[in-house]
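Reviewing the structure listed below.
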Amino acid sequence: MSYKFGKLAINKSELCLANVLQAGQSFRWIWDEKLNQYSTTMKIGQQEKYSVVILRQDEENEILEFVAVGDCGNQDALKTHLMKYFRLDVSLKHLFDNVWIPSDKAFAKLSPQGIRILAQEPWETLISFICSSNNNISRITRMCNSLCSNFGNLITTIDGVAYHSFPTSEELTSRATEAKLRELGFGYRAKYIIETARKLVNDKAEANITSDTTYLQSICKDAQYEDVREHLMSYNGVGPKVADCVCLMGLHMDGIVPVDVHVSRIAKRDYQISANKNHLKELRTKYNALPISRKKINLELDHIRLMLFKKWGSYAGWAQGVLFSKEIGGTSGSTTTGTIKKRKWDMIKETEAIVTKQMKLKVELSDLHIKEAKID
DNA sequence: CGGGACCCTCGAGG
DNA sequence: ACCTCGAGGGTCC
């Protein structure tokens, strides 16, 4: 079967599918080695129904090709959707040249390699990163796909591969149980997933909102980052790290750096960031003044997050993705045969050789930027 | 406030 | 070829 692909001109240095779709941000893209293309199911635009989307990158001509299977009509809608999903309003070149290189020498010897932060569906992001705790990428990938095949809806089957939707909170609540999830190998996260799904169903009902996406987006409205994180942390299995991942990749809070053990280590080693008593005291005061969280925010890690924001600016989360992707790489993504594919590091080198063309995109200065509390 | 326990897989090292 | 052991993008108690 052949499809009519839409096309989008985009430099490889601005977007490299291999570096973005298999780097541990998104866990549900399937890579077809033979056809050299990626596929997954996603909601397009404001629609609630899922479609199968196929992507491939013409590396020679630096063109992204895309198609939604079964969606003969509106290719423009998919194009618009992908522009948002890949955040093509943001120019990596601009960030490198005008923001990061001037403020951080580590960026001077790097060049844009098509690594960027995605704008993912927030509910799926929430569940995916609940699965990520104390876990490795290949297992997270399996778990995400398991949720879809066991509790999502069958969308269609292509070349023997069944594509399912990511289950909504209602679908998880009605179709899954903790015991069933444990059987499927979710371990202690089984409880977190069920309880989070249940709470979201209740929260939505209270807010009179039916869509998971819309609800999670709505918590950002008129809210500071701290409030959003606090709200996210009210779900079981969501601590500061997972909440920050949702903020960055699901709610486009570009300045948020999720601080994990790797980032913490590198921040100390390469940036000599460490919290002294005074820092900790001020942070304690700050959080004591906010509505009480039943969970603890690790003040030392929070200090690192703030210092990295200070260093890298309103796209600090992106800077972290660019800088650390090599350190925390590993394996991700599925293939059509179901085996895990090693990430192609040689692809990065290849990208490096490509001459960066001038981008006409400018950095979006959206009003959704987070207003971070400053440490004086 | 801090350290242990927590599910399960994989791969390095014996 | 087996086995064992610890880490793997944290969170809860």
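Chain letters run A, B, ... following the sequence lines, proteins first, then strands; residues in each count from 1. Excluded from the calculations below are hydrogen atoms, water molecules and symmetry mates; all remaining heavy atoms, backbone and side chain alike, are included.
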Quick one: does A:Arg139 reach the base of B:dC7 with a side-chain donor-acceptor pair under 3.5 Å? yes

With a 3.5 Å cut-off and heavy atoms only, can you find an N or O donor on one side and an acceptor on the other between the side chain of A:Tyr192 and the base of C:dG10? no

For the pair A:Tyr85 and A:His81, name the ring-plane relationship: parallel under 30°, tilted 30 to 60°, perpendicular over 60°. parallel

Classify the nucleic acid contact of A:Arg189 as base, sugar-phosphate or nothing, counting any heavy atom under 4.0 Å across all strands shown. base

Same-atom distance ([atom1]) from [N] to [M], integer angstrom:
{"N": "C:dT11", "M": "B:dC1", "atom1": "C1'", "answer": "15 Å"}
{"N": "B:dG11", "M": "C:dA1", "atom1": "P", "answer": "15 Å"}
{"N": "C:dA7", "M": "B:dG4", "atom1": "P", "answer": "14 Å"}

Hey, which of these two, A:Val242 or A:Asn136, hits DNA chain C nearer its 5' end, going by closest nucleotide? A:Asn136

If you find the nucleotide of DNA chain C closest to A:Val238 and the one closest to A:Ser132, which residue's nucleotide is nearer the 5' end? A:Ser132

Nearest whole angstrom, please: distance from the [atom2] of [N] to the [atom1] of [X].
{"X": "A:Asn134", "N": "C:dG6", "atom1": "CG", "atom2": "P", "result": "14 Å"}
{"X": "A:Phe186", "N": "B:dT9", "atom1": "CZ", "atom2": "P", "result": "11 Å"}
{"X": "A:Asn236", "N": "C:dT11", "atom1": "CG", "atom2": "C1'", "result": "8 Å"}

Strictly below 4.0 Å, N to O, side chains only: are A:Glu282 and A:Lys286 in salt-bridge contact? no

Going by an N to O cut-off under 4.0 Å, is there a salt bridge joining A:Asp58 and A:Lys7? no

For C:dC12, which nucleotide is its Watson-Crick or G-U wobble mate, given both distances must be under 3.5 Å? B:dG4

Would you say the side chain of A:Arg189 lies within less than 4.5 Å of the side chain of A:Asn135, judging by non-hydrogen atoms? yes

If only side-chain N and O atoms of A:Lys295 are considered, is one of them under 4.0 Å from the OP1 or OP2 phosphate oxygen of C:dT11? no

